[in-house]
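Below is one structure, written out as structure tokens; comments come after it.
Chain letters run A, B, ... following the sequence lines, proteins first and then strands; every chain starts at 1.
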Amino acid sequence: MTSATAETITSTEETLRLDGITVRFGGLTALSDISLTTTAGEFVGLIGPNGSGKTTMLNVITGLVKASAGSLSICSSACNRVSVHRRVHLGLARTFQRAMLFPEMTVAEHLALARDIPNLWGRLTSRAGDSGPSDSDELTAFVAAEPWGLRPGDRLSGLSLGGLRIVELAMALASQPKLLLLDEPLSGLDQTERDSFGDALLDVQRRLGVTVVLIEHDVESVLRLAQRLVVLDFGVKIADGPAAEIIKDPRVRDAYFGGDEE
Amino acid sequence: MLYLYPGIVIGALYALLGGSITLTYSLTGVINLAVGATAYATAYLFYHLVTVNHWALAPAAVLCLLAAPAFGLLIWAGVFRYIENRDLIVQLTASIGIAVALPSLMLFALPTENVYQTPGIVPNGFAVLRIGSFNTTRDQLAAVIGAVVLLGGLILAVEKTRLGLSIRAVVDRPGLAAGAGINTVRLSAFSWILTSFLTGAAGILLSPLLQLDPGIYTSLSVAALSVALAGRFRSLLVTTIAGLALGVLASEITGYAPQGSVIANGLVPALPFFLLAGLLLVGRSSLRGRQDAASMGTVRAYGDTLGQALISRLPALGKLRPGRFVIALVAGAVFTLVAMYAFNGYWTATLAAGIAFAVTFLSFTISTGNGGILCLGQAGIAAMGAIVAGRLATDAGLGLPLSLIIAVLCAAVCGVVLGAVGTRLDQVGFALVTLAFALFCQTFTFNLQALIPPAGVNYPVFAIGGLNTSQSDILLGAVLFAVLAFLVVWFRRSRFGRVSTAIRGNPIEAESLGVNVRAFRVGVFTLGSAIAGLGGGLIGIEQGNVSTADFALLTGLVWLAVVVTIGVRSYGGALVAGLMFAIAPAAFELVTINGFGNLPTVLFGLGAIGIARDPRGFLAQWSEILQKLIRRREPAQSLVLSSGSAAGDPVVVGGGSRHD
């Protein structure tokens, strides 16, 4: 187990702003009039029952799903018409519910790929095997830490789910993001891996001052990590505030636990 | 009104073929580009039975209408049942294999002399009947009645029967329908039987109205595809209306345009291109309807794309190996010298053509093998290179080097435009845009006499030093191939190659890491197009004259089939494919048995169908077999070491590269 707990380390620098975001798929309203603002260094837990619109919200922020109405800005830059890759250059990074990595590449190649992308043309003449910028050792050390213990030459095919998740997180961090979106990164991990992953996340958040938005079904883990909770139900934001208070909100307990949980 | 009726006749048959594509796609998810080939094969069998074997019309028609659904069942059982859940591009390539192989198989199995006049399903089909205020031939009337009965019966069956209810359930929610107890496998087999029957019937009804030619029937596939797209691959009624509208529009324009004008000869045949291109651009999501139906609101997992299928065996990324480079260079030099001096004139010219095709086929290595973009219109782009280089070198007197450079630039511009349009769509949409482009070239551009004189585009004689023309062609082609092959290897092993691999494997993740996926794909496609343009110029230099027949739509599909068969991932695949494409027909030409000349195309088509089982191509398969044989002979310790050093071993890379 770990001794790390959530702390409030925030600044006033705005990293994300959603104003009245609505998403409709045909006759289905997946998100309805969602507004949300995050600041640098915040750790926000995004929770809600299945089908409440959490992943859709991340997809809207990433640019994979277009909002039917509302406006969106990342690090104070309006993003409604900005493509996915340009949002990454603005400071956005994300991981996916299903670890979507490149099976034929090694761990080192994944990290190199993530480092190469921001300056691809500048590296036109350099070879793929060359070492990357100065943070390469840091990222390599990040994935080599216990309990993952990943080596640069490890193939993705031989990794545990936890290993895949930490590689995906390392790739997201390679661009030195200001806003990090994580879609159920703890799902499928055992308790030891959950704790270690959580510790790694808190460490990253503190050291980099990055805003983390975490979707997670395990409330215990969310409460350990997040200072603030945003709760969605049927595409509507029903609560937003300090985690310790929000989790006691009767509406949240009713929507999330069916009113049965203590 | 004068031209309305002929338009309805052809339009009804477009609708019938479009209905076949719609039904197949709705029930199985496969876009069947082989409808034209199936229609041709049935019509050809009918022709052969009636004209060559002197069967009566009725028993010949019955046999053909039994053979077509039997063929449908055969290709379902042998090919499509295994790839229904695979990537759409793999399915598309398999159907292209059938489109390429089937017509040649018929010509090989049932060889005949030139086909001048094909019989219709009714006796004395050219006799004119007067019904009310308009005239019709008996063949035209049979076509309309046949199409109305078949289409009407199909729509009624789908709307009013229990079977139709099952069909509609599968169309709406395949997963849910299976969960409700509908036997989707049986329904899939049924759909292939039924649609092949409809396609075969359309083929027989069309045969007296069209020239019985594989190329014309292949173009019919594009027309059928465009009307199916108008119905969003779901609505038989809209497909029918679109087919009729297309037929009538073509007939009216042909009727009122001056005879022999560009409009009549070029614009009308290109109408399916305009319809297809317009629909693809306006209704971008049409093709995605089926596959995304079950995953609305979520990001589609790109777990089984052509990219992943193609890259199941990859060399390790990293440094170029100087040793291998030198070996390849020496081997290439030896091969070039042998090709130049070891054979007689016939085979030297054949090898020169093979190398020109190999350069052209490198465009597939870049676009499809590295970029994951299935290009069905490479012949059109190569034609552009060939025509521009030839006209500039011969008519403008610019000299071959400068003409080739300008031709390459023109092809590259063409690639930028096609790429910019195609990357707005999904993988299949992009492939269909290139198919539409090839049709446009064949039916419109190639018909402009200002661009291509009736005798074709001539090239100046090309000779280097004391070499004869074929030897010079081989030398030029070999040097250009070596340079481009080096570029291909460099590209794959550079950081660009790694990003390209990432995009093929998982475009969403790649874009989420900051890659401009669209710009990258446009770039890769442009590079492939430039190489295709250069290849077209080399083909022109080797042949001395190029005509539209050298770059027909069907020819481009055969090119794709042969490259995919041999291996689309490596420059070696392009080289072997190019040589085979030239050598196989040349070898079979020496066999005097009637119909034997069609055998290579049959084999190329069958090879492309084989992508359904293994998308890597023969070269990779043989390489793997050889490696296994070598390992068997090695001591056990070596085997362990080999497995342990997986980092640079392409076999181990693919062995367990998938993860969930």
>> Among A:Val84, A:Val23, A:Thr62, which residue has the highest count of heavy-atom pairs closer than 4.5 Å to chain B?
In response: A:Val84

>> Donor-acceptor check, side chain of A:His85 to backbone of B:Leu513, threshold 3.5 angstrom: yes or no?
In response: no

> Would you find more than 12 non-hydrogen atoms of other residues, nucleotides or ligands less than 6.0 Å from B:Phe491 atom CZ?
Replying inline: yes

>> Can you confirm whether A:Lys237 is buried at NZ, in the sense that more than 12 heavy atoms of other residues, nucleotides or ligands lie under 6.0 Å from that atom?
In response: yes

>> What's the separation between atom CD in B:Glu511 and atom OG in A:Ser83, rounded to the nearest 0.5 Å?
In response: 6.5 Å

> Roughly how far apart are A:Arg87 CZ and B:Ser512 OG, rounded to 0.5 Å?
Replying inline: 10.5 Å

